[in-house]
There are 2 protein chains.
Amino acid sequence: MTQRTSNASPTGNNGGALPRQRRTYTIGELSKMFEVTPRTIRFYEQEGLLAPERRGQTRIYHEKDRVRLKLTLRGKRLGFSLAEIREVVEMYDAMPDGNTRQLERLLEILADKRANLERQLEDIRLMQRELDDVEARAREVLTRLGAQPPAT
Amino acid sequence: MTQRTSNASPTGNNGGALPRQRRTYTIGELSKMFEVTPRTIRFYEQEGLLAPERRGQTRIYHEKDRVRLKLTLRGKRLGFSLAEIREVVEMYDAMPDGNTRQLERLLEILADKRANLERQLEDIRLMQRELDDVEARAREVLTRLGAQPPAT
DNA sequence: GCCTAGGTTTACGTTAACGTAAAGTGCTTG
DNA sequence: CAAGCACTTTACGTTAACGTAAACCTAGGC
């Protein structure tokens, strides 16, 4: 009843060329798809990370918006602030007519984020070793207690 | 399985042996060492992540404390909350006399964090590709503008 | 025509992780 | 001994990223 899933029929089909896959999404669909609340999505819009179409009063999201939300959430999982993410997003949008200084600034930011990712990679490796150690010790204690250590 | 390495004996083994390097640290030293404010370090203590010795009123940090702070900050860079970090730290401390249920709970948490790290690894890979794309486009626009694209 | 299920705006509330300011303690140095 | 410096506690302030509640609109089904 609720699930419309793959049913395409968008309300207004343009009489001309059909654009490949004209799928659109409501805020609720995206919300469930990415397991965030509608409030979160609206908040991201308010922060300049999304700019969905409006049909009357209701928001309509296209593929582009969905991708951007996906990237935003990925950035968040990596610990970037919304402000940082927006900075890149805005410059990306302004790229075609961006001046040289803007573009070089963008490259700076990108290099910065790259460095960040590298450090995170190293952190992850180190953290994994720590987890190995802790787990090994835990299992050791468990066996000493005579319990069956659960298989990994 | 894993190595015992550097982490000195948990309970205090020194039956007369000199403790290798008896270095201690003030809060200010640690603060500069890790580029955080003293406030932050005191806050972590208040949150149960550190428990430095007290000489009179002032805190004295040993190697153990320094390591724990390092691990805490690493966890933070990976986006773990202080509460999550504390959860592991506390269980680790309670390990020798921890009961079976506690230990199994610890293993659960560890598996959870592992999964988290795996996802982050994937996120990083994807994000790096995105950065590649954005950078490529930016350089392209730059060359079209006739500017000298700065070397990577 | 009314109900329900979505959507909307507005606005105040909440939590984590500190920042910051005030006021006091303790050593050591000229 | 006064000054300075590093440390301390207490407590209120701040920011990001939403949560939550109230009050409203609108299309579709019975």
Side-chain angles (χ1 to χ4, degrees), chain A residues 1-5 7 9-12 24-62 65-66 68-90 116, chain B residues 24-62 65-66 68-90 116:
Chain A
M1 303 174 187
T2 338
Q3 300 254 356
R4 181 116 309 168
T5 42
N7 185 349
S9 83
T11 42
T24 67
Y25 308 88
T26 72
I27 198 171
E29 287 171 334
L30 285 187
S31 160
K32 290 186 180 178
M33 182 176 305
F34 291 107
E35 300 187 299
V36 297
T37 68
R39 174 70 174 95
T40 297
I41 299 181
R42 292 197 195 98
F43 181 72
Y44 289 173
E45 175 178 350
Q46 177 182 320
E47 293 298 301
L49 291 167
L50 297 172
E53 191 196 328
R54 290 283 184 143
R55 179 143 10 234
Q57 171 173 244
T58 76
R59 297 167 170 82
I60 299 189
Y61 300 86
H62 297 141
D65 301 306
R66 193 186 61 85
R68 186 169 284 188
L69 175 56
K70 188 181 64 180
L71 294 181
T72 298
L73 294 174
R74 181 181 300 156
K76 280 229 61 191
R77 285 199 300 271
L78 293 178
F80 296 127
S81 74
L82 296 184
E84 291 176 303
I85 297 172
R86 179 185 46 203
E87 200 175 10
V88 173
V89 161
E90 278 178 356
N116 224 308
Chain B
T24 67
Y25 309 87
T26 72
I27 198 172
E29 288 172 333
L30 284 187
S31 159
K32 291 185 180 177
M33 183 176 304
F34 291 107
E35 300 187 298
V36 297
T37 68
R39 174 69 174 95
T40 297
I41 299 181
R42 293 198 195 97
F43 181 71
Y44 289 173
E45 175 179 350
Q46 176 182 322
E47 292 298 300
L49 290 167
L50 297 171
E53 191 195 328
R54 290 282 185 146
R55 179 144 9 235
Q57 171 173 244
T58 76
R59 297 168 171 83
I60 299 189
Y61 299 86
H62 297 141
D65 302 307
R66 193 185 61 85
R68 186 170 283 189
L69 176 56
K70 188 181 66 179
L71 294 181
T72 298
L73 293 174
R74 182 182 299 157
K76 279 229 62 190
R77 285 200 299 272
L78 293 178
F80 295 128
S81 74
L82 296 184
E84 291 176 305
I85 297 171
R86 179 184 48 202
E87 199 175 10
V88 173
V89 162
E90 278 179 356
N116 224 308

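In the text below, chain A, chain B and the rest are named by the order of the sequence lines, each starting its count at 1. Just so it is clear, the values below take in all heavy atoms, side chains as well, and ignore hydrogens, waters and symmetry mates.
Rounded to whole Å, atom C1' of C:dG7 lies 13 Å from atom NZ of A:K32.
Applying the side-chain hydrogen bond (donor to acceptor under 3.5 Å, both in side chains) test to pairs two or more places apart or on separate chains, those with a residue in residues 27-39 of chain B are B:T37-B:T40.
Note on A:T26: a side-chain N or O is less than 4.0 Å away from OP1 or OP2 of C:dG7. One finds a side-chain N or O of A:R59 lying less than 4.0 angstrom from the OP1 or OP2 phosphate oxygen of C:dT8.
In this view, B:E47 and B:R86 satisfy the salt bridge (charged side-chain N to carboxylate O under 4.0 Å, His left out) rule, not counting sequence neighbours. Every residue was checked against the side chain to side chain donor-acceptor pair (under 3.5 Å) condition with B:R74, not counting sequence neighbours, and none meets it. Partners of A:E87 according to the side chain to side chain contact (heavy atoms under 4.5 Å, CB included) rule, which considers only residues two or more places apart in sequence or in another chain, are A:R105, A:I109. Listed by chain and number, the residues in a side chain to side chain contact (heavy atoms under 4.5 Å, CB included) with B:R66 are B:Y25, B:L30, B:M33, B:F34, B:E63 (sequence neighbours excluded). The salt bridge (charged side-chain N to carboxylate O under 4.0 Å, His left out) search around A:R42 returns none, not counting sequence neighbours.
A heavy atom lying under 4.0 Å from DNA chain C marks none of the residues of residues 72-87 of chain A.
The line from OG1 of B:T26 to OH of B:Y61 is 8.5 Å long, rounded to the nearest 0.5 Å. The CG atom of A:D65 sits 11.0 Å away from the CD1 atom of A:I27 when rounded to the nearest 0.5 Å. In this structure, A:R59 CZ and A:R54 CZ are separated by 4.0 Å, a value rounded to the nearest 0.5 Å.
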Quiz: residues 77-84 of chain B side-chain donor-acceptor pairs under 3.5 angstrom, not counting sequence neighbours:
residue: B:R77; atom: NE; partner: A:D123; partner atom: OD2; Å: 2.6
residue: B:R77; atom: NH2; partner: A:D123; partner atom: OD1; Å: 2.8
residue: B:R77; atom: NH2; partner: A:D123; partner atom: OD2; Å: 3.3
residue: B:S81; atom: OG; partner: B:A83; partner atom: N; Å: 3.4
residue: B:S81; atom: OG; partner: B:E84; partner atom: N; Å: 3.1
residue: B:E84; atom: OE1; partner: B:S81; partner atom: N; Å: 2.8

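You can see that DNA chain D meets the heavy atoms of chain B within a 4.0 Å-exclusive cut from D:dC7 to D:dA11, reading 5' to 3'.
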Show the distances under 3.5 angstrom between N or O atoms of the protein and N or O atoms of nucleotides 21-24 of chain C.
none

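Heavy atoms of B:R55 sit nowhere under 4.0 angstrom from any nucleic acid atom.
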